[in-house]
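The structure appears right after this line, and notes come after that.
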Amino acid sequence: MQAYIKLREGLSNLYSADEATAIAHEYIESLTGLKKMDRLLAKDDLLNEVQYTTFHKDFERMIIGEPLQHITGYQWFASYKFIVNNHVLIPRPETEELIQWLVEECKIKTAISILDIGTGSGCIPIAIKKKLPTANVTSCDISEEAITIAKLNAQNMNTSIQFIQLDFLREVHWKDLPNVDVLISNPPYIPVSEKENLDKNVRDFEPATALFVSDDDRFVFYRKIALFGLQKLNPNGAIYCEIHQNFAKETMAVFNQAGYSNIELRKDIYGNDRMLKVFL
Ligand code: GLN
């Protein structure tokens, strides 16, 4: 228990009390393999010498804000365990809801083709492929390092997905991407000017390319996705995307101006405007 308390206290400057407690429990569980209840029942400190050395190293990393997932190396998402590192965004629960939306609406169709834009850890295409096994799933990302992690996750989860490394913002590359029935994306959408408002663990340790867009062109990804959709979506196709909670109206306007007349907005479990489904 001593290590747990030390960690919880060390994290209390960076996180809320609930978050610090949850992180400390999860860390000790991943270190010892023991569930919270088993640890609570044992009165003594449970760490052996090797674990203690590891704990001290990890403690120093965590109290400067390094995310737990970078220490343990994984994050659960849609009930699958994804390998993560500092080259990929740590999968968020909001994104599970976006996938849920797509899967509910597409599960009656077989052999549907889907393109995910900005794969990161691969959490979106892999979770979709798991839930829609007949779907043909392609995914792209600008980062070579992210593609490496995504491929590793796809392999670990026995899913077959085509991963393509390219810069989606450069339209010359679109010829390398397939025509599809569905587009899905959780693109970067935080204006750099909001960087200082983010938690330290996100701001200093998660990849900037996955998070930020310039203030002058904050909807650049949505504009390009809309345009790409006009060129590459099959008839009756649809786009599902995650959005910045404070810019729902503006993001919807981007699609509307591009010619999409059907735009549906949904909130996430926290009640924030978080995702759109769009079609012509
Ligand atoms: N939702 C993420 C966050 O809270 C941001 C994801 C993104 O920019 N696509 O940091």
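Just so you know, these numbers use all the heavy atoms, side chains as well, and skip hydrogens, waters and symmetry mates. The residues of the chain are indexed from 1 along the displayed sequence. In listed order, ligands and their atoms are each counted from 1.
Shown here is D215, whose CG atom has more than 12 heavy atoms of other residues, nucleotides or ligands within 6.0 Å. For Q231, the CD atom sits in a packed shell: over 12 heavy atoms of surrounding residues, nucleotides or ligands are nearer than 6.0 Å.
A tilted orientation is assigned to the rings of F55 and Y52, their planes being inclined by 30° to 60°.
Not a single donor-acceptor pair under 3.5 Å links the side chain of T138 to the backbone N or O of Q162.
Between the side chains of S16 and E19, at least one donor N or O lies within less than 3.5 Å of an accepting N or O.
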Output, or 'none' if empty, a list of ligand 1-protein atom pairs in which both atoms are N or O and the distance is under 3.5 Å, rounded to 0.1 Å.
unit_1   : atom_1 : unit_2 : atom_2 : d
ligand 1 : 1 (N)  : Y189   : OH     : 3.0
ligand 1 : 8 (O)  : Y189   : N      : 3.3
ligand 1 : 8 (O)  : L211   : O      : 3.4
ligand 1 : 9 (N)  : N186   : OD1    : 2.8
ligand 1 : 9 (N)  : P187   : O      : 2.6
ligand 1 : 10 (O) : R92    : NH2    : 3.0

Exercise for the section: For side chain to side chain donor-acceptor pair (under 3.5 Å), just list the numbers for S113 and N136, CA-CA rounded to whole Å, side-chain angles, deciding distance to a tenth of an Å, and then say yes or no. Expected result: CA-CA 5 Å; S113 54; N136 226 310; over 6 Å; no

